[in-house]
Novice: 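Provided herewith is a single structure, encoded as structure tokens, for subsequent inquiry.
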Number of protein chains: 2
Amino acid sequence: MTSDNQSSKVYIEILKQLREMISVDKLKSGDKIPSERELSERLNVGRSSVREALRALELLGLIETRRGEGTYIKDFHGNQLIKLLSTFILQEEKAKQDVIETKHFIEMDCLRLLLQKGNFNYEDFKSWVEKDKFSDDEFFYRMIEKADNHLLLRIWVILKDFNHSLFIEKSENKKKDYHNLIRAIEANDMEKTLTAYWKLRKCRFSNDRN
Amino acid sequence: MTSDNQSSKVYIEILKQLREMISVDKLKSGDKIPSERELSERLNVGRSSVREALRALELLGLIETRRGEGTYIKDFHGNQLIKLLSTFILQEEKAKQDVIETKHFIEMDCLRLLLQKGNFNYEDFKSWVEKDKFSDDEFFYRMIEKADNHLLLRIWVILKDFNHSLFIEKSENKKKDYHNLIRAIEANDMEKTLTAYWKLRKCRFSNDRN
DNA sequence: GACCACCCGTGGTCTGACCACTTTTTTAGT
DNA sequence: ACTAAAAAAGTGGTCAGACCACGGGTGGTC
């Protein structure tokens, strides 16, 4: 490293170099980056410093490492970060309830988004519901995917995982209820959609809405 | 480390241990955590592995290390990372839009939550709006705080920081609009509340909506 | 009591050594 | 010549030990 010393830690410099490298070589998701040993040599730094940088990126979900193979750039988009923060912070009791509440909000937001965007084809979706066995999570994953907001999807996935680690319940709803939800969305009827949603979640706060 | 390995990398295990340690010892912002060498010994892992874990946490802004002194827990709300992420990642236009969109959704969700919970005293809030100069962020921070969902608040803060790293603008809205929003909430009128909200947001993103 | 040199603990970095695993190359057998 | 087994090479994962640079405490000196 070019004797830039002072203040900046080596692993930070490596991150910058890496960013530069990715930018210059136009590396994209799935592409391979140089091996730790090669980076260490090319940048004139110790391998351990390179690893510190890579491990940080890995934790951020920016790269993926496969033993024996190499290190690859990962699909960025959302941020991993939230996951970490939440696992770190959410130890309190109230937190559990917040998770559930937030997950529901996100789900409703996505429904609103779907209605707002409108004009989707739900035929394949409907036939999927008809044909296969599926979990609530799978259903909403597909649904939220359609809303086309990758960040919301990320957050939702995290909340879902959290939910699983908090509770073990995995209630199976009836196909009919899911069908109703889809139909309500198709009809672009917000009122019906949210009602159908709460029918699925069938619970505590039936009053809110409007 | 209890040779549980397989799949899980050591530095990930260290992170878990660290989280546990922080939880058990009730460590807070500013508290010091054991030295790298001590951790290495206590967990029966190499110091370099400990460092990989700590470096990742540092990049995330969760801890702060001072050479010659030690490592300290930091008040989250970190940005560090966000700066990096933004320059590193979010080049795509769609992602930026997702951030904005998601932030708006979260804000609206909190408004709904406030209405749902109802019966708050907004007098002090109103007088605060009247008296001081404040930014949009400050306003919504206080607002979302009232909604009493810590997770939503956390997510919002992250999105806010992201926003700042993406754009530099810091438009000032009129006090009147904020007053209207508060009044609508007080009146427990969802319709008016959302309208008032969009009045606030309208200025910048007038087009992408509806 | 005030000041300063020294030592020790701490993070920062590098090197070299293994291990486990995957891919590639070489080798041996048919 | 072809194929399958074996060896080699390459890669990430981890550890141990060695320095360096810096901060704070210790104890001596004035």
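From a predicted model like this one, the values you see are computed outputs, not experimental measurements. Below, chain A is the first sequence line, B the second, and so on; all start at residue 1.
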Novice: Quick one: side-chain hydrogen bond (donor to acceptor under 3.5 Å, both in side chains) partners of B:Glu38, sequence neighbours excluded?
Specialist: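 B:Arg42.
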Novice: Mind calculating the distance between CD (B:Glu52) and C1' (C:dT13) to the nearest angstrom?
Specialist: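 My rounded result for the distance is 14 Å.
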Novice: Output all residues satisfying ring pair (Phe, Tyr, Trp, His ring centres under 6.0 Å) with B:Phe125, sequence neighbours left out; order by chain, then residue number.
Specialist: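 For B:Phe125, the residues satisfying ring pair (Phe, Tyr, Trp, His ring centres under 6.0 Å) (neighbours in sequence not counted) are B:Trp128, B:Phe139.
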Novice: Against the six-membered ring of B:Tyr141, is B:Lys146 placed for a cation-pi contact (under 6.0 Å from the centre, within 45° of the normal)?
Specialist: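 Not satisfied by the 6.0 Å and 45° rule.
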Novice: Heavy atoms under 4.0 Å, any strand shown: does B:Thr65 hit a base, just sugar-phosphate, or nothing?
Specialist: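 Sugar-phosphate, backbone atoms only, no base.
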Novice: Atom CD of B:Glu58 to atom C1' of C:dG12: distance rounded to whole Å?
Specialist: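 Going from CD in B:Glu58 over to C1' in C:dG12 covers 11 Å.
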Novice: Given atom CZ of B:Arg47 and atom P of C:dT15, what is their separation to the nearest angstrom?
Specialist: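 Between P of C:dT15 and CZ of B:Arg47: 16 Å.
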Novice: Can you measure A:Ile12 atom CD1 to C:dG11 atom P for me and round it to whole angstrom units?
Specialist: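 Distance, rounded to whole Å: 17 Å.
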Novice: Can you sort out the partners of B:Glu41 under side-chain hydrogen bond (donor to acceptor under 3.5 Å, both in side chains), two or more places apart, ordered by chain and number?
Specialist: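 In terms of side-chain hydrogen bond (donor to acceptor under 3.5 Å, both in side chains), with neighbours along the sequence ignored, B:Glu41 is linked to no residue.
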Novice: Who pairs with B:Glu20 by salt bridge (Lys or Arg N to Asp or Glu O under 4.0 Å), at least two apart in sequence or on another chain?
Specialist: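 Not a single residue meets the salt bridge (Lys or Arg N to Asp or Glu O under 4.0 Å) criterion with B:Glu20.
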Novice: Distance check needed: C:dT13 C1' versus B:Leu54 CG, whole Å only.
Specialist: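 Computing the B:Leu54:CG to C:dT13:C1' distance gives 15 Å.
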Novice: List for me each residue that meets salt bridge (Lys or Arg N to Asp or Glu O under 4.0 Å) alongside A:Glu145, sequence neighbours excluded, and say none if there are none.
Specialist: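 In terms of salt bridge (Lys or Arg N to Asp or Glu O under 4.0 Å), with neighbours along the sequence ignored, A:Glu145 is linked to no residue.
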Novice: Distance check needed: C:dT15 P versus B:Arg51 CZ, whole Å only.
Specialist: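 My rounded result for the distance is 15 Å.
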Novice: Checking all strands, does B:Ser48 fall into the base, sugar-phosphate, or nothing category for heavy-atom contacts under 4.0 angstrom?
Specialist: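 Contact class for B:Ser48: base.
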Novice: Write down the protein N/O and nucleotide N/O pairs, taken from nucleotides 8-11 of chain D, whose separation is under 3.5 Å; answer none if there are no such pairs.
Specialist:
{"residue": "D:dG10", "atom": "N2", "partner": "A:Gly68", "partner atom": "O", "Å": "3.2"}
{"residue": "D:dT11", "atom": "O2", "partner": "A:Gly68", "partner atom": "N", "Å": "3.4"}

Novice: For the pair made of NZ in B:Lys9 and P in C:dC21, what is the distance, rounded to whole Å?
Specialist: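 After rounding, the reported distance stands at 14 Å.
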Novice: Separation of B:Asn44 atom CG from D:dC15 atom P, in whole Å?
Specialist: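 Rounded to whole Å, this separation is 9 Å.
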Novice: Can you see if the side chain of B:Ser40 gets near the phosphate of D:dC15 - specifically, an N or O under 4.0 Å from OP1 or OP2?
Specialist: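 So the side-chain polar atoms of B:Ser40 never come under 4.0 Å of the phosphate oxygens OP1 or OP2 of D:dC15.
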Novice: Looking at B:Arg55 and B:Glu52, is any side-chain nitrogen of the basic one under 4.0 Å from a carboxylate oxygen of the acidic one?
Specialist: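 Here B:Glu52 does not pair with B:Arg55 in a salt bridge, since their nearest N and O are not under 4.0 Å apart.
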